[in-house]
Number of protein chains: 2
Amino acid sequence: MSGIEDVALRAGVSKATVSRALSGRGYVSSITRHKVESAASELGYVVSSNASSLVTGRTNNVGVIIPVINQWFFGSIIEGVERALIDRGYDLMLYNLTKDIDARSRVFEYFLVRKRVDAIIAVTLEISPDEASSLVALGKPIAGIGGPLAGIPTLSIDDIAAARLATEHLIALGHTNIMHVGGDAAELMDFNVHSKRLQGFMDALAAAGLPFNGESYVATHFDIPGGYAAGKQILGDPRRRPTAIFAAADEVAIGVILAARELGISVPDDLSVIGIDNHPLADLFGLTSIAQNPAKQGEQAVDLVIRQLETAGWTPPNIHTTVPAQLVMRSSTSAPRAGSPR
Amino acid sequence: MSGIEDVALRAGVSKATVSRALSGRGYVSSITRHKVESAASELGYVVSSNASSLVTGRTNNVGVIIPVINQWFFGSIIEGVERALIDRGYDLMLYNLTKDIDARSRVFEYFLVRKRVDAIIAVTLEISPDEASSLVALGKPIAGIGGPLAGIPTLSIDDIAAARLATEHLIALGHTNIMHVGGDAAELMDFNVHSKRLQGFMDALAAAGLPFNGESYVATHFDIPGGYAAGKQILGDPRRRPTAIFAAADEVAIGVILAARELGISVPDDLSVIGIDNHPLADLFGLTSIAQNPAKQGEQAVDLVIRQLETAGWTPPNIHTTVPAQLVMRSSTSAPRAGSPR
DNA sequence: TACATTTCTGGAACCGATTGCAGACGAGGA
DNA sequence: TCCTCGTCTGCAATCGGTTCCAGAAATGTA
């Protein structure tokens, strides 16, 4: 492994000049720059990022804390974040923050503290106030996806508005007997999501003068089996069956559709279903959905932290930014069957 | 940010002693150790991993190169790898190696080279010989999941045996008209997987004296929509419909089942379906499958590289290790209907 | 008691870069 | 012609630890 000294010798210049030539800052004549560059490539020289970090104080690493990896929404965020970081020359350090209390505190107390990352992106964390303030206390640029999170600039769709939009779509089609299948508060997600989507649902009902009661809402796991279970439960009893279901996520919606199919309930003739996400499987199931783009949200979060890193003194203008979400019509929603039950 | 010097001053000892006390190597009396520890915690001191890496040459980082993130198999591997790494005090640097040629070369030529990782885990990469040798040339411990990969110790299920097992299960049930839905060679995966599973399928047919011809095999995308499309195509024509389908992955199998349901073909009465993976959705679809455990494979890969890192001179005994995969029976397979077509 | 070991500690060199400073040089302006 | 300013380069200090070495203290052994 050749060091900067070897390159300097070979190019017949000093270490300082090599450093300036390769990093591109400071004055170097183009002729020596070329000498240095060819010497470096002949030796296969690459800078030691450790040595360089030591003096500059910059690691070129960004830490990403995420509660789940193996789920479409989260996986897409990681993909988006990774691409954006690599594009900008940063490395991505991944921390999967599960519910495991030991692992959690280890991440906060050991890993994040060790001056190894320049910035942090926190993805829809259900995070304790202690944990949030220990993040802020690092004094590093932070961005969150989800939230809002105390003291941290965050980014997400407007969950209330998205849920309202979905529900309004059903109402506009003429549905009056609508149920919401939402998230389980014990899930490994920023619980704001669940309560806000429920809120948007309720808002839309209220605005249309439709009643909301204990039977209008079922909580389940935020995945296909969760939606399936909820669907079986809801649709099993023909007398209290709604004509439309707003599922808080497409995976849940797909589960509901599978349950409906199994019960011989036709979608959308007997039951309209709408979700949120525009999941890749939505097409296959003809699922009408409110589209959001997690990969892009990941990129935006990267922008947020990188800009803080690279333009001194810049801080994000808003503590919470909402990104657009719009309706994607497919075949799982339609007007209720004429003379439908109740 | 207080440095080691401040701790030394406060504890009334030298930098050297602080370093020994906190790192636990070398002799330190327990009394001074305590002095140092309390001084350190009072100051909120944490070592600079850069400075420490600079002299030790160890970064405590492991790079993970993976072609896809947002897919069950890959996501599970990442989860397993992450957990195992954090447990052992290492950080995970994630590189998503897509087909994008620019991004690829950037990862190989820029990121991996910069002395930032102690070891590398390469996950089912479709990797060029050049890329493989540039990995080996880094001279760092490497482990692969998938493979075999030239010169790199790898780890996977025995794909041929798993495919044979699946096919034999169908044959044992009495099926003689079996098709295989496998992976598309253009997919972003180690193509070995596809050809080996096809191989195992052919082996099992041959061993049972069953014919294999061009109509026995369909290639498609390795996901649910891919399986659905293949299913529609295969099952659409009643006259050449098989009584059983072996799908090379559970996601594909689920797609096939969805297609069958849509065509009114009963699983397993009219069609048996088996997959590989034991995907979390297998339960929901009653899918019989050959189970493998990607999270555990991730952990094993971590073991492989960490052991190389921490026990000098140790190298993995086998260039390729196979991990077990066993049949999980559910309701998607059964004997063919008596007097079934052809 | 004398000597050999083991434990403990500090000084100083070192890891491999970056950067402030100062000196040298050439070009343009007065 | 003399000055100033911008360009170019090298020296040396610095980032924040780790570790070799040597000497002192404590412990064990003959």
Side-chain angles (χ1 to χ4, degrees), chain A residues 1-37 39-41 43-61 89 91 110 113-118 309-310 312, chain B residues 1-37 39-41 43-61 89 110 113-118 310 312:
Chain A
M1 296 302 122
S2 44
I4 197 173
E5 188 81 57
D6 306 308
V7 180
L9 246 56
R10 179 159 197 140
V13 296
S14 70
K15 295 190 329 180
T17 300
V18 173
S19 175
R20 282 186 285 250
L22 296 179
S23 68
R25 64 206 135 196
Y27 292 113
V28 181
S29 73
S30 66
I31 169 130
T32 55
R33 184 192 316 286
H34 282 119
K35 276 194 299 189
V36 169
E37 278 167 357
S41 78
L43 293 173
Y45 167 78
V46 287
V47 313
S48 156
S49 61
N50 276 318
S52 138
S53 293
L54 183 54
V55 34
T56 61
R58 300 282 301 274
T59 64
N60 282 284
N61 283 152
D91 284 334
Y110 176 62
V113 160
R114 276 177 316 150
K115 306 169 179 158
R116 317 195 89 219
V117 296
D118 292 338
L309 239 30
E310 298 186 347
Chain B
M1 294 303 125
S2 43
I4 198 173
E5 189 80 58
D6 306 308
V7 180
L9 246 54
R10 179 160 195 138
V13 297
S14 69
K15 292 188 339 178
T17 301
V18 173
S19 175
R20 282 186 288 251
L22 295 179
S23 70
R25 63 206 136 194
Y27 292 113
V28 181
S29 73
S30 66
I31 169 132
T32 56
R33 184 192 316 286
H34 282 119
K35 275 194 301 188
V36 170
E37 279 167 354
S41 78
L43 293 172
Y45 167 79
V46 287
V47 313
S48 155
S49 62
N50 275 317
S52 141
S53 293
L54 183 54
V55 33
T56 60
R58 300 282 301 275
T59 63
N60 281 287
N61 282 152
Y110 176 62
V113 161
R114 277 178 315 151
K115 305 166 179 160
R116 318 194 89 217
V117 297
D118 292 338
E310 298 185 347

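Values reported hereafter were calculated over all heavy atoms of this structure, with side chains retained and with hydrogens, waters and symmetry mates removed. In what follows, chains carry the letters A, B, and so on, assigned in the order in which the sequence lines appear, proteins first and then strands, with residues in each chain numbered from 1. The shown structure was predicted, so the numbers you read here are calculated from the model rather than taken from an experiment.
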A:Arg58 side chain near A:Leu309 side chain, heavy-atom distance below 4.5 Å: yes
Distance below 4.0 Å between A:Ser29 side-chain N/O and D:dT9 OP1 or OP2: yes
N or O in side chain of B:Tyr27 less than 4.0 angstrom from C:dT7 OP1/OP2: yes
Of all pairs that satisfy side-chain hydrogen bond (donor to acceptor under 3.5 Å, both in side chains), the ones with a partner from residues 1-13 of chain A, not counting sequence neighbours: A:Arg10-A:Glu42
In this structure, how many angstroms lie between the [atom2] atom of [N] and the [atom1] atom of [X], rounded?
| X | N | atom1 | atom2 | answer |
| --- | --- | --- | --- | --- |
| A:Leu22 | C:dA17 | CG | P | 10 Å |
| B:Ile31 | C:dT7 | CD1 | P | 18 Å |
| B:Leu9 | C:dG11 | CG | P | 11 Å |

Non-neighbouring partners of B:Thr56 that pass side-chain hydrogen bond (donor to acceptor under 3.5 Å, both in side chains), sequence neighbours left out: none
Inter- and intrachain pairs under salt bridge (charged side-chain N to carboxylate O under 4.0 Å, His left out), touching residues 26-35 of chain B, at least two apart: none
Sugar-phosphate, base or nothing in reach of B:Thr32, heavy atoms under 4.0 Å: sugar-phosphate
A:Val47 and A:Ile4: CA distance, side-chain angles, deciding distance, side-chain contact (heavy atoms from CB on, under 4.5 Å) verdict: CA-CA 7 Å; A:Val47 313; A:Ile4 197 173; over 6 Å; no
Nearest non-hydrogen partners of B:Ala8 and B:Val18, listed with the distance: CA-CG2, 3.5 Å
Letter per nucleotide, 5' to 3', of nucleotides 15-28 of chain D [B base touched, S only sugar-phosphate touched, - untouched; heavy atoms, 4.0 Å]: BBBBBB--------
Stepwise side chain to side chain donor-acceptor pair (under 3.5 Å) test for B:Thr17 and B:Ser14: CA-CA 5 Å; B:Thr17 301; B:Ser14 69; 3.2 Å; yes
Using atom names, set out every protein N or O paired with an N or O of nucleotides 3-5 of chain D below 3.5 Å, distance rounded to 0.1 Å.
none

Residue list, side-chain contact (heavy atoms from CB on, under 4.5 Å) with A:Val55, at least two apart or on another chain: none
